[in-house]
Amino acid sequence: MVSPWLFPKKISDLEYRIEPDAEYGMKVPVVIYGDENLVNKMVSDRTIEQAVNVSTLPGVQKHVVVLPDGHQGYGFPVGGVAGMDVDEGIISPGSVGYDINCGVRLIRTNLVENQIKPKLNELVEHLFESIPSGLHPKEGCVKLTKSQLDEVLAQGVKWLDSNGYATKDDLDVCEENGSMADADPSKVSETAHTRGAPQVGSLGSGNHFLEIQRVEEIHDTEAAKAMGIFEGQITILIHCGSRGLGHQVCTDYLKICRDSQEKYGIELPDRQLACAPNNSDEGIAYKQAMNSAMNFAWSNRQMITHYTRKSFESVLHQSESDLEMNLVYDVAHNIAKVEKHKIDGQEKSIIVHRKGATRAFPAGSPDIPERYRKVGQPIFIPGSMASASWILLGNENSMNLTFGSTAHGAGRVMSRTQSHKQYNYKQIIEEIQEKGIVLKSMTRYGVVEEAPEVYKDVDAIADISHRLKMATKVAKLVPIGVIKG
DNA sequence: ATGTGC
């Protein structure tokens, strides 16, 4: 049999397609958005093969989408979207990923660069000291009891609001208001609880970071205005997820799904795609545990926001409200959610799996905050450490192309191991200093493994999204201070 | 991504 993923058909400069191959068990086409370079790279590793595998799963609808930043992941490509019928389809932990509700939030200020430049070193230092980061942060997280953690898992940011770590305004501009319904902490294992309890308010490692930025370019004045964004402004971007708790939920439910595979008669092209019928006991339990992990991640980003505001207050001797440190928005990029989408002209409820894919809902969507309903949903595409990031805006077209989604980041061009062979700490640090960026990192390894050179060009990813009108450009942000694990 | 896996 010829492997169908080897020959995607070019539809246009930025769209490639693989028609359903019955012999291979494909139920729907695979659609790939990207230029020739990006698509060639996807063919050379397992990215498209994995998307083809997903297109064979029970209840898969319309098409499997690979976004411009797509690359191979655990079973399901990172930068992938797939929607399954809620009654006939499956839900799959590997198709959400290990870092459940990894996501990005942006905090605005009323400051411009000159006002913080003299204190930038001190600010970065203070943030680094007050926000635990790395794999094993020693101290600093709020210590939650088991029952407090359960409240965080059940209520998300609502609990932080009740306890002085969030404002009503923060809740208004978080996806799902920071509180995913139908979360059940009793479906989260004891091990996951133990791992998560000391981690609320910690950044983690890898490509997770907190960045002080300057707004470099405005591409959509009206949308920028609605978001309170202006040229030259200082913003803060936070990129992190659900830490050990989400990781453990994924591990636990991969096993639970695997153990139930035979019972449900599901045949898989790849055991990493272990899944359960969406409405089975196992599927429902996974969803309730995943929703809990989602609440954990939003709470984690909220707690870091709290620490960030305190750091700015302390270093700049102004209150957070004087500094107008408002949350612009918080959006997840590793989730599965039931949403209504048009399929063959019919509105239908499907369980949308977005792994390394950002929701990109258009103006008028009831699921986006009222203050953005006239313009569209804010989307943040983080670049790698010390490179630019983008604010994009959800567009109507994404509902046709990608189940209302767009890209989530730059994506690696080489492995961590390879980055050590090609670069060393000193040269990366020098290069970052030359750009005038203040960087504090937990480890030297992290600096090399997350160097700008080892990632794709995020500008190109934003550009493709814009040209396809999946999500359009609002503003480009450049880093001036970075803390990372 | 991760009480990494090399």
Distance in angstrom units between A/R416 CZ and B/dT4 P, rounded
13 Å
How close or far is atom P of B/dT4 from atom CD of A/Q248, stated in whole angstroms?
12 Å
What is the minimum heavy-atom distance between A/D69 and A/A410, and which atoms define it?
CB-O, 4.0 Å
Classify A/G206 by what it touches in the nucleic acid, base, sugar-phosphate, or nothing, heavy-atom distance under 4.0 Å.
sugar-phosphate
Select base, sugar-phosphate, or nothing to describe what A/S415 touches, counting heavy atoms under 4.0 Å on all strands.
nothing
Separation of atom NZ in A/K421 from atom P in B/dC6, rounded to whole Å:
13 Å
To the nearest Å, how far apart are A/I100 CD1 and B/dT2 P?
12 Å
Grab the OH-C1' distance between A/Y253 and B/dT2 for me, whole Å please.
19 Å
Taking atom types as modelled and ignoring hydrogens, do the side chains of A/T305 and A/T308 form a donor-acceptor contact shorter than 3.5 angstrom?
no
Is it true that A/R412 and A/E450 make a salt bridge, defined as a side-chain N closer than 4.0 Å to a carboxylate O?
yes
Examine B/dT2: is either OP1 or OP2 under 4.0 Å from a nitrogen or oxygen in the side chain of A/S205? Give yes or no.
yes
When the distance from CZ of A/R243 to C1' of B/dT4 is rounded to whole Å, what number comes out?
12 Å
Any side-chain donor near an acceptor of the partner, A/S260 and A/E282, under 3.5 Å
no
When the distance from CG of A/N300 to C1' of B/dT2 is rounded to whole Å, what number comes out?
14 Å
A/F296 CZ to B/dT2 P, in whole Å, measures 11 Å
